[in-house]
Amino acid sequence: MNLSKQLRAVRVYSFTSCLRLTDAVWVVLLAARGFTLAQIGLAEAVFHLTSLLCEVPSGVAADLLGRRRSLAVSAVLEICSDLTMAFSRNFAAVCAAMALKALAYTMISGTLEALTYDSLKTAGRESEYLQIDASVSVLQRLATALGSLASALSGVLRFAGFYLANAGICFCSLLAALALQEPLVTDEQAARHRHPFADLAARLRAHVAESAAVLRTTPLAVRLIAADAAITLPSYLTTMFVQQRLVTLGWDAAWLFVSPLLASAAAMAGTALARQLHPGKLRPLYRLCALVCGGGVLLAGAGPAGGCLAGPMLVQAAISVWYLHAMQRFNDAIPSDRRATLISVDSMAYSVLMIPASPLLGLLADLTGHAGAGLCALGGLVLASGLLLPCRK
């Protein structure tokens with residue numbers, strides 16, 4: 001494997017897969033078409049229900065059939081999602097588009113990290129994963145920030161235009177996926193690469209059983225999965241409900257890019273900080289990050305417009321610091337043959353929490369007439385997870 005070329009393709013894929021022009025305005029776009037926040041929250045729940053159902057199967061597919069193939073399929077599904085949303089006429093079509101988008105995300109989740117880690121492992125350079133993952137994370141945040149600038153074009157692109165432009169970017173992701181090579185670390189991976197569909201049913205049964213055995217015998221992995229789910233829960237919910245909060249505070253939709261732009265900059269700063277940290281134990285780090293994250297959610301939910309800008313910045317910076325070190329420890333603790341599957345379990349835990357959280361937060365906002373009411377409740381829960389966690393062990 002030409003590792004330099006491989007990592008270059010990983011970076012291109014990471015950048016284009018995060019360059020989404022609708023992320024900063026999709027709530028406002030749907031609200032402008034007459035959907036309530038409860039309906040929008042329900043659509044988000046459909047996304048996470050699909051993620052819950054497909055997260056682990058998609059990780060298994062990546063491990064058994066190839067990670068490069070999974071990333072290419074993800075790009076195709078994302079294109080289908082954008083086209084469905086662009087031409088949607090009712091709430092059912094919106095939910096279908098969200099389900100396709102979720103399926104596309106599950107094909108990436110765990111797969112890209114596994115491909116990157118094992119690509120390094122083929123060269124005996126897996127110790128560099130934290131630094132490589134940090135650089136990829138910065139690129140992803142930069143793409144997110146650039147994508148958020150598209151809100152300034154809300155008067156030009158309109159609803160369909162945003163999603164058609166997204167579909168064009170996803171085609172670039174597909175080309176980047178096709179430029180990747182499949183990393184082959186173990187004999188099992190090499191056999192899978194040569195004959196991806198041979199004895200598939202038997203391999204599937206063995207894979208599921210052995211992946212479950214890894215979780216039973218690796219308590220560190222289970223603890224990291226639980227911690228990741230708790231602290232990352234506000235990541236997207238804060239971005240989602242701050243959009244409507246800013247509109248109710250008098251902001252024009254064209255300026256909604258400011259909040260995700262600043263949050264992405266804070267996430268990049270958090271990643272840069274995380275690269276300089278060398279925590280001996282993760283428990284004190286989690287407690288600190290959870291307190292900062294929870295405080296940021298409360299600020300976004302109850303503060304003035306300035307709080308809506310500062311709160312997501314604190315949330316993203318704290319999550320970036322935690323997640324970089326958590327994923328390094330997680331990857332070190334699990335085997336290559338099960339890597340995509342087990343990272344998918346980590347993502348599935350997040351979806352389990354998001355399924356009830358997104359519609360409940362939307363319903364709470366509708367009932368109280370305050371778009372930040374749900375965020376205040378969420379911020380309190382995240383703060384509690386940091387305050388109640390003992391950090392002396």
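Sequential numbering from 1 along the given sequence is applied to the chain's residues. Side chains are part of it too, since the values below use all heavy atoms of this structure and drop only hydrogens, waters and symmetry mates.
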**OP:** Compare all side-chain heavy atoms of S17 with those of I108 and state whether any distance is below 4.5 angstrom.
**Re:** yes
Subject >> Distance-minimising heavy-atom pair for L342 and S211 >> reply: CD2-O, 3.8 Å
**OP:** Find the distance between CG (L363) and CG (L367) and round it off to the nearest 0.5 Å.
**Re:** 4.5 Å
Original post:
Is a donor on one side and an acceptor on the other found under 3.5 Å between the side chain of N90 and the backbone of A93?
Top reply: yes
Original post:
Looking just at side-chain N and O atoms, do Y163 and T84 make a donor-acceptor pair shorter than 3.5 Å?
Top reply: no
Subject >> Heavy-atom closest contact (C293 atom, I231 atom, distance) >> reply: SG-O, 3.8 Å
Subject >> Approximate separation, where rounding is to 0.5 Å, of L277 CG and L285 CG >> reply: 7.0 Å
Original post:
Which pair of heavy atoms, one from L375 and one from T238, lies closest together, and at what distance?
Top reply: CD2-CA, 3.9 Å
Subject >> Short side-chain to backbone donor-acceptor contact, S58 and T106, under 3.5 Å >> reply: yes
Subject >> Separation between OH of Y105 and CE of M98, rounded to the nearest 0.5 Å >> reply: 9.0 Å
Original post:
Taking atom types as modelled and ignoring hydrogens, do the side chains of D332 and Q328 form a donor-acceptor contact shorter than 3.5 angstrom?
Top reply: yes
Subject >> Pairwise side-chain contact, Q39 with F91, heavy-atom cut-off 4.5 Å (strictly under) >> reply: yes
Original post:
Do R67 and D118 sit within salt-bridge range, that is, some charged N less than 4.0 Å from a carboxylate O?
Top reply: yes
Subject >> Check: Q131/R275 side-chain N/O donor and acceptor closer than 3.5 Å >> reply: yes
Original post:
Can we say E182 and R69 salt-bridge, meaning some charged N sits less than 4.0 Å from an Asp/Glu carboxylate O?
Top reply: no
Subject >> Any donor-acceptor N or O pair under 3.5 Å, side chains N166, T22 >> reply: yes
Subject >> 4.5 Å side-chain heavy-atom contact, I132 and R11 >> reply: yes
**OP:** List the atom of T111, the atom of S70, and the distance in Å for their closest heavy-atom pair.
**Re:** CG2-CB, 3.9 Å
Original post:
Which heavy atom in L30 sits nearest to a heavy atom in F159, and how many Å separate them?
Top reply: CD2-CE1, 3.9 Å
Original post:
Are K101 and L77 close enough that some pair of their side-chain heavy atoms sits under 4.5 Å apart?
Top reply: no
**OP:** Report the distance from atom CG of L49 to atom SG of C95, rounding to the nearest 0.5 Å.
**Re:** 10.5 Å
Subject >> Contact summary for A274 and L324, nearest pair of heavy atoms >> reply: CB-CD2, 3.7 Å
Original post:
Given Q316, which of T144, T271, T239 fulfils the side-chain contact (heavy atoms from CB on, under 4.5 Å) condition?
Top reply: T239
Original post:
Does one hydrophobic cluster hold both F35 and L246, with members joined at side-chain heavy-atom distances below 4.5 Å?
Top reply: yes
Original post:
Got L164 and F87 here, is their nearest side-chain heavy-atom distance under 4.5 Å?
Top reply: yes
**OP:** For the pair S74 (side chain) and A104 (backbone), establish whether a donor and an acceptor sit closer than 3.5 Å, ignoring hydrogens and angles.
**Re:** yes
**OP:** Classify the ring geometry between Y236 and W26 as parallel (under 30°), tilted (30 to 60°) or perpendicular (over 60°).
**Re:** parallel
